[in-house]
Structures are given as C-alpha cells and as structure tokens.
Amino acid sequence: MNEKETTIVAFCCIYCAYAAADLAGSMRLQYPSNVRIIRTPCTGRLEVEYFLRAFENGADGVLVAGCEEGSCHFKEGNLIAKRRVAYARKFLAESGLEPERLKMVNVSAAMARQLTEHIKEMAETVSKLGPSPLNKAKGTAPQEAKL
Ligand code: FES
C-alpha cells in the first residue's frame, strides 16, 4: 500500500508539537506528504468526538501530538488527551476499526526529529492497514475538523 493512498490527520499542540513541526520544516526534515497537520491550543482541548469526526471525514489515521508529560502549558491537558485517546481507541476497536489508527505521542518544541519519526511510523502503520473502511470517498482530502 502506498502512503499517498492514505491520509493522516495530526492534531498538534501549538506549544510543542506544532512548534516541533515548524522546526522540522526549518531543518528541512522530511515526513510523508499524506499528513495534514492541524494546530490546536492544547491536546486537552480535543474531545473524543474530534478524533472520530476526523475518521468520518476521510482520515485513515489520526495522530495526537502533545507536550511531554509534566510540560503541558495547561498543566494536565496532555494527560486528559491521553485518557481520551485510550477511550477512543477502545471505541474504535469495538466499532471494528483498528485502534492502531489512532495514536498519541509527546514531544517538546525542540524534538523535530522525534516528531518526524513518529509521523513516519504512523504513516507506515496506516499504510500497512490500508484505507479506513469508513472512508467511502477516497481520493479527496479530509475536511478540516472544526475546533
Ligand atoms: Fe501542549 Fe497542553 S499545551 S499538550
């Protein structure tokens, strides 16, 4: 399966993961082009519904990238996100969708290389799983989740 045949939505916290993605761009680090980065104020702001809606709107995989544990600018936002991702993964499994399609990672703003590795790993995992069975409109970019 070609990575270009799948789409991954990456919710990136503005304080860490988004800054790391920005740094990755400055460092000219490459990551797969099928990843759509969505800037979020904090991963704790993301409800389970956002992950599910991303799948509904055409994503084949969803990556949630927040600050390192203990470093969230809103104290426990990333811990809340961790619990929500775990809950959503169970929900996906019960719904017949592979839970591996949803993953959370933690990086600091300086961890551009680690973030690109996480993105590559996610792209590889989703590529192996293939397009989401929920995605009936392949070939179109997923709509942006409304935050
Ligand atoms: Fe980054 Fe909360 S501010 S995860």
Side-chain angles (χ1 to χ4, degrees), residues 3-4 6-135 140-147:
E3 284 173 357
K4 289 192 169 93
T6 56
T7 302
I8 295 166
V9 170
F11 291 104
C12 292
C13 156
I14 190 171
Y15 293 101
C16 50
Y18 190 81
D22 206 22
L23 180 60
S26 301
M27 293 169 69
R28 302 202 181 280
L29 299 176
Q30 306 256 322
Y31 57 80
S33 60
N34 62 334
V35 177
R36 307 285 179 264
I37 291 183
I38 298 179
R39 190 176 65 170
T40 65
C42 170
T43 55
R45 176 69 180 82
L46 300 167
E47 303 284 346
V48 169
E49 180 190 350
Y50 292 18
F51 311 140
L52 303 179
R53 191 166 293 176
F55 285 112
E56 268 178 24
N57 289 332
D60 301 298
V62 174
L63 183 68
V64 179
C67 299
E68 291 184 293
E69 290 191 15
S71 300
C72 172
H73 287 61
F74 298 93
K75 291 190 177 180
E76 297 184 347
N78 52 3
L79 301 178
I80 292 168
K82 184 179 177 181
R83 287 196 294 271
R84 287 180 178 157
V85 167
Y87 176 82
R89 283 172 61 105
K90 280 186 197 163
F91 183 83
L92 291 179
E94 288 171 9
S95 304
L97 207 61
E98 301 89 348
E100 296 81 14
R101 291 182 185 275
L102 173 62
K103 182 180 177 185
M104 181 165 183
V105 297
N106 300 88
V107 293
S108 74
M111 295 169 73
R113 284 187 199 285
Q114 289 87 340
L115 180 65
T116 56
E117 287 309 311
H118 286 308
I119 290 173
K120 285 178 190 171
E121 277 173 28
M122 186 68 182
E124 206 175 300
T125 300
V126 172
S127 177
K128 281 180 191 161
L129 292 171
S132 163
L134 295 179
N135 192 356
T140 58
Q143 299 169 7
E144 281 191 21
K146 293 183 178 86
L147 301 177

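Note that ligands are numbered from 1 as they come in the structure, with each ligand's atoms numbered from 1 the same way.
Qualifying salt bridge (charged side-chain N to carboxylate O under 4.0 Å, His left out) partners for Glu69, counting only residues two or more places apart in sequence or in other chains: Lys82.
Contact of the Leu29 side chain with the Arg113 side chain is registered, since non-hydrogen atoms from C-beta on lie closer than 4.5 Å. Under the 4.5 Å side-chain criterion, counting only non-hydrogen atoms from C-beta, Cys72 is not in contact with Leu79. At least one side-chain heavy atom of Lys120 sits under 4.5 Å from a side-chain heavy atom of Pro32.
Counting non-hydrogen atoms of other residues, nucleotides and ligands closer than 6.0 Å to CZ of Phe74 gives a total above 12.
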Met104 and Arg84: CA distance, side-chain angles, deciding distance, side-chain contact (heavy atoms from CB on, under 4.5 Å) verdict: CA-CA 10 Å; Met104 181 165 183; Arg84 287 180 178 157; over 6 Å; no
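Listed by chain and number, Cys13 SG, Cys67 SG are the protein N/O/S atoms closer than 2.8 Å to atom 1 (Fe) of ligand 1, with waters left out.
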